[in-house]
Amino acid sequence: MHNNTIAELAAGLRVGEYTSEELTRAYLERIKQLDGEFNSYITVTEEQALAQAREADARIAAGESGPLLGVPIAHKDIFCTDGVRTSCASKMLDPFIAPYDATVVRKFKDAGVVMLGKTNMDEFAMGSSNETSFYGPVKNPWDKTAVPGGSSGGSAACVAARLAPGATGTDTGGSIRQPAALCGITGLKPTYGRVSRYGMIAFASSLDQAGPMARTAEDCALMLGVMAGFDERDSTSLEKAVPDYTAELNNDLTGLKIGLPEEYFGEGLDPEVAKSIEAAIEEYKKLGAEVVRLASPTPTWRYPPTTWSPPPSAPLTSRGWTGCASATAVKSPGISKTSTSAHVARASVAR
Amino acid sequence: MALEKSDVENIAHLARLAIGEEDIPAYAENLSNILSLVEQMSSVDTSGVTPMAHPLDMAQRLREDVVSEPNQREHLQAHAPAVENGLFLVPKVIE
């Protein structure tokens, strides 16, 4: 059953083909057997997962039916999880047990979704290869000599390796979309404000957005339906009703215009990647979309805002870690102990 | 704008980072590239372009100034490495 999509698993649970506990045990067993090769999980929450699964089974037995009730998924280790280590793949947060759930985590809990564990990532989400994690690099399940992409590399790899049918990710400058592409799964960065950032460790607050990672667009639609929605705890949360994302899955794309910036199709593009993209473009055309190739008026536009926006934001969002006792200290020559201490103290006060 | 060796040394000192002498030229080049990218962006004529802070029309939300969180001191302190009389204990950093 590990080859089934979320939609298929949810249907199987509804008709009683298997229980959530059986399904959860099957995934936990696969993780135990296979994740040593891929390192896609930082923490596996076996006990909590089985407890949540039994609770979901009780809800199903009581006649409840939710679109994802009893389905197990994994959460990127950037989301705070009540009572469970939330490391952000950093040595600095290795001992951190979050005292509350991120809104995304709470919403999945309320929907009866089981958490299998917390997935590996680039440290503090700053990276695109998943090689910067304190817990070691993640391997691409399709080719262990290749990177899975990042920063949501563990989420992408665990879905590709069928160690979870879906996982949450976060995207500042491609951290869902790029690993999803590199691992051959589907990932979506929703519009900023659509998904609450409460309890999600910040990288660049004006760009960070959580999204679903799964095998199919349908599964992403199902997950986003649970994740999305207004949250008063996030001051940039969007106050708009959440549509049924599954409703338009089979519509054609007539009236949709897709722009292709020519700069991205030039020198340096791997021919195999180019072939895949061209095939996808043909698919969109068949579905009725209009494709327009365009050139940027200035070379500056070749650099997306994500090239220059996160670097100044990151020191602001990360300054709280300054002076962490478990931080890897770098001794700078010529700086006395006193001045370093004073610097640490200032950083704490500024916060 | 190109950064000199001394600029890099000063930035490294301010950031409390140890940089090997042999790495300084590479850092100077990388940092200079970032500055030239910013210069490139500044050179774009944006007169007549309405600034966009958000793709959707949103106003900053305000809320009533009321207590909205219950007291969770014990729960929040349960995971701290050291607490005393309801206070977090941290290592001494000022001699």
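Lettering follows sequence order; numbering is per chain, from 1. Note that the structure is predicted; figures quoted are calculated from it, not measured.
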| query | Of all residues at least two apart in sequence or in a different chain, which pass the side chain to side chain contact (heavy atoms under 4.5 Å, CB included) check with B:E39? | reply | B:M1
| Near B:Y27 OH, under 6.0 Å, is it more than 12 heavy atoms from other residues, nucleotides or ligands? | no
| By number, which residues in residues 73-88 of chain B have some heavy atom less than 4.5 Å away from chain A? | B:H75, B:L76, B:H79
| field | Inter- and intrachain pairs under salt bridge (Lys or Arg N to Asp or Glu O under 4.0 Å), touching residues 228-243 of chain A, at least two apart | value |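 Found A:R197-A:D234, A:R233-B:E69.
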| message | Test of understanding: with salt bridge (charged side-chain N to carboxylate O under 4.0 Å, His left out), list the residues that count as partners of A:E46, not counting sequence neighbours. | response | A:K32
